[in-house]
Amino acid sequence: MKEIIIRLNGVEVKRDIPTSWPEVTFKQFQQIAKSKAKVVMALSIFTGVDEPTLRVATISGLDSVLKELSFLEREIKIFEIP
């Protein structure tokens, strides 16, 4: 998990976002699958902050946040044999 800081109108909100598929909850996975999530929608699902608010907010270290969310583009390994 990675902590991110979202600011809007002087209000600062700290949230943890997953950095790999094993950290995504089943509920979050269902929401992402249903929405065919874009990055903003996925970020909304992970933070609990609605999408329109995220679009106008300032996110600290947005480049690194986007890099952390790149796991969404990779295939999920459901059955992995050690």
Side-chain angles (χ1 to χ4, degrees):
M1 294 286 214
K2 176 180 177 75
E3 183 178 78
I4 65 168
I5 299 171
I6 303 166
R7 288 186 191 88
L8 181 63
N9 297 331
V11 177
E12 189 174 282
V13 177
K14 294 181 182 180
R15 295 285 195 267
D16 289 327
I17 61 168
T19 58
S20 64
W21 281 116
E23 296 175 343
V24 176
T25 67
F26 186 68
K27 182 177 180 178
Q28 290 170 336
F29 173 76
Q30 287 179 312
Q31 291 173 318
I32 288 170
K34 187 187 302 183
S35 70
K36 299 185 179 166
K38 298 177 203 163
V39 174
V40 175
M41 187 60 179
L43 196 54
S44 174
I45 291 167
F46 294 145
T47 62
V49 177
D50 62 83
E51 190 175 348
T53 301
L54 282 176
R55 290 188 182 277
V56 296
T58 302
I59 300 172
S60 296
L62 183 59
D63 288 341
S64 68
V65 170
L66 295 175
K67 187 182 275 187
E68 295 291 344
L69 291 177
S70 67
F71 76 89
L72 294 169
E73 298 170 7
R74 292 191 294 272
E75 185 178 328
I76 302 171
K77 294 181 181 178
I78 296 174
F79 300 105
E80 191 172 282
I81 299 172

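Side chains are part of it too, since the values below use all heavy atoms of this structure and drop only hydrogens, waters and symmetry mates.
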- [ ] Find out if a path of hydrophobic residues (ILVMFWY) with successive side-chain heavy-atom gaps under 4.5 Å connects Ile5 to Val65.
- [x]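 Different clusters: Ile5 never reaches Val65 through Ile, Leu, Val, Met, Phe, Trp or Tyr contacts under 4.5 Å.
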
Task: Shared hydrophobic cluster, Ile76 / Leu72 (ILVMFWY, side-chain heavy atoms < 4.5 Å) - done: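 Yes, it is one cluster - the side chains of Ile76 and Leu72 are joined through contacts under 4.5 Å.
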
Open item on the list: Surrounding CD of Glu3 (heavy atoms of other residues, nucleotides or ligands, distance under 6.0 Å), is the total greater than 12?
Closed with: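 Counting neighbours around CD of Glu3, more than 12 heavy atoms of other residues, nucleotides or ligands fall under 6.0 Å, so yes.
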
TODO: Would you tell me whether Gln31 and Ser35 have side-chain atoms, one donor and one acceptor, within less than 3.5 Å of each other?
DONE: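 No - no donor-acceptor pair under 3.5 Å links their side chains.
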
Task: Side-chain heavy-atom pair Gln30, Lys34 within 4.5 angstrom cut-off - done: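 Of all side-chain heavy-atom pairs linking Lys34 with Gln30, none is under 4.5 Å.
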
Task: Ile45 side chain reached by Ile32 side chain, heavy atoms, under 4.5 Å - done: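 The answer is yes; the side chains approach within 4.5 Å.
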
Of the non-hydrogen atoms in [X] and [Y], which two are nearest, and what is the gap between them?
{"X": "Asp16", "Y": "Met1", "value": "CB-CB, 4.3 Å"}
{"X": "Trp21", "Y": "Phe71", "value": "NE1-O, 3.1 Å"}
{"X": "Glu68", "Y": "Lys2", "value": "CG-CD, 3.3 Å"}

Between atom [atom1] of [X] and atom [atom2] of [Y], what is the distance when rounded to the nearest 0.5 Å?
{"X": "Lys38", "Y": "Ser44", "atom1": "NZ", "atom2": "OG", "answer": "12.5 Å"}
{"X": "Leu8", "Y": "Thr58", "atom1": "CG", "atom2": "OG1", "answer": "7.5 Å"}
{"X": "Ile4", "Y": "Lys14", "atom1": "CD1", "atom2": "NZ", "answer": "12.0 Å"}

TODO: Give the C-alpha distance, both sets of side-chain angles, the deciding distance and a yes or no for side-chain contact (heavy atoms from CB on, under 4.5 Å) between Ile17 and Leu69.
DONE: CA-CA 8 Å; Ile17 61 168; Leu69 291 177; 4.1 Å; yes

Taking distance alone, no hydrogens or angles, what donor-acceptor pairs closer than 3.5 Å link side-chain atoms of residues 46-54 to residues at least two apart or in another chain?
unit_1	atom_1	unit_2	atom_2	d
Thr47	OG1	Leu43	O	2.8
Thr47	OG1	Val49	N	3.2
Asp50	OD1	Thr53	N	3.0
Asp50	OD1	Thr53	OG1	2.8
Asp50	OD2	Thr53	OG1	3.1
Glu51	OE2	Arg55	NH2	2.7

